[in-house]
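Heads up, the thing below is written out as structure tokens.
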Amino acid sequence: MSDVAKRLKVIDSHTAGEPTRVVVEGLPEFTGTPGEWRDFLRAQHDDLRTAVACEPRGHEAMVGAYLLEPTQSDCVAGVVFFNNVGYLHGCLHGTIGLTVTLAHLGRLTEGENKIETPTGIVTVRPPEDGWVTVQNVRSWRHAAAVPVDVPGWGTVQGDVAWGGNWFFLIEAGDTIEVDFKNLDQLTDFTCAVRDALEANGITGAEDGEIDHIEVFGPTADDSADSKNFVLCPGREYDRSPCGTGTSAKLACLHAAGILQPDQPWRQAGILDSVFEGSVQEAFEGGVIPTVKGRAFVTGENELLVHPNDPFGEGIVYSRA
Ligand code: PYC
């Protein structure tokens, strides 16, 4: 067996507090669309994902992004997002992180830059003082006020919506205060909701697994229109207001007649960092959301994965 360590060049950033680690060099040879790359990496190189995202090189909140050559001539890059438990359909805080990373590498052009993702093409502009606006894929409310019995919590109602991932969106009401001091309770609550959705066969379109749970409450001041807690696949929460979650929220607000095209919406996350959003109408009642957030590059690194390292593939475990 070779004694040579595998090397992966990464650039780290955070968007509104949520990390993104872009792998810019070190992927195996392959050619394909982001969806084909995702399937190839999942089937044959999942150890790369766990090496990059899991401890000891990563941590539970880490979101990774494989930077790819685009297959479409009008795109500047392709990308596949992942975390410590698997692959994400889409990721907007990650797209904002990828955009500051591409700017850092001098790989953006002036004006609009298109990025190919497994869910479709998203469009960004070069950052201005770290602020990036992303035009997302079509988003829509799939089902409104869906009741689900959640053991220990009673019947909970939520909307099912697509914003680049499948979300169950719940108004917190009196159930729980959306505040950082309640992090453990919010995590337990949203994990219980996700388990209950699965147990009751509640899904998005085409049996899409609802793997993100979003709870909303008011902000303590007027700094935003709403504050959320978002459970991501696994047991970690999004440190940012979650861009695909904000898109799902905007789609639900529009479907409910609360948000008109171009009307601004300020969505705070659990750390009180804010994404600004708005929508344009799209076909079949859907919307094209635009989400703006701020990211900073935090590091350039080369990860080494030594063949004899017992944790070369990361520490992979699951919590009940
Ligand atoms: O910003 O879309 C997002 C996101 C998804 C998972 C973590 N962040």
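Read the numbers this way: they start at 1 and go in the same order the structure lists the ligands and their atoms.
The side-chain hydrogen bond (donor to acceptor under 3.5 Å, both in side chains) check on S223 picks up D221, with sequence neighbours excluded.
Heavy atoms only, all atoms of each residue included: T117 and P34 are closest at C-CB, 3.8 Å.
The hydrophobic side chain of L304 is isolated, with no ILVMFWY side chain under 4.5 Å apart from it.
With salt bridges taken as basic N to acidic carboxylate O contacts below 4.0 Å, none links K249 and D159. The pair R21-D12 meets the salt-bridge criterion, with a side-chain N (NZ, NE, NH1 or NH2) lying under 4.0 Å from an Asp/Glu carboxylate O.
Considering only non-hydrogen protein atoms, atom 7 (C) of ligand 1 sits nearest to D238 OD2, 3.1 Å. The protein non-hydrogen atom at the shortest distance from atom 6 (C) of ligand 1 is H212 NE2, 3.7 Å.
The shortest N/O to N/O separation between C91 and ligand 1 does not fall below 3.5 Å. Residue H93 places at least one N or O, backbone or side chain, under 3.5 Å from an N or O of ligand 1.
The backbone and the side chain of T244 each have at least one atom closer than 4.0 Å to an atom of ligand 1 (non-hydrogen atoms only).
Of all atoms in ligand 1, listed by their number and element, those nearer than 4.0 Å to a heavy atom of G243 are 1 (O), 2 (O), 3 (C).
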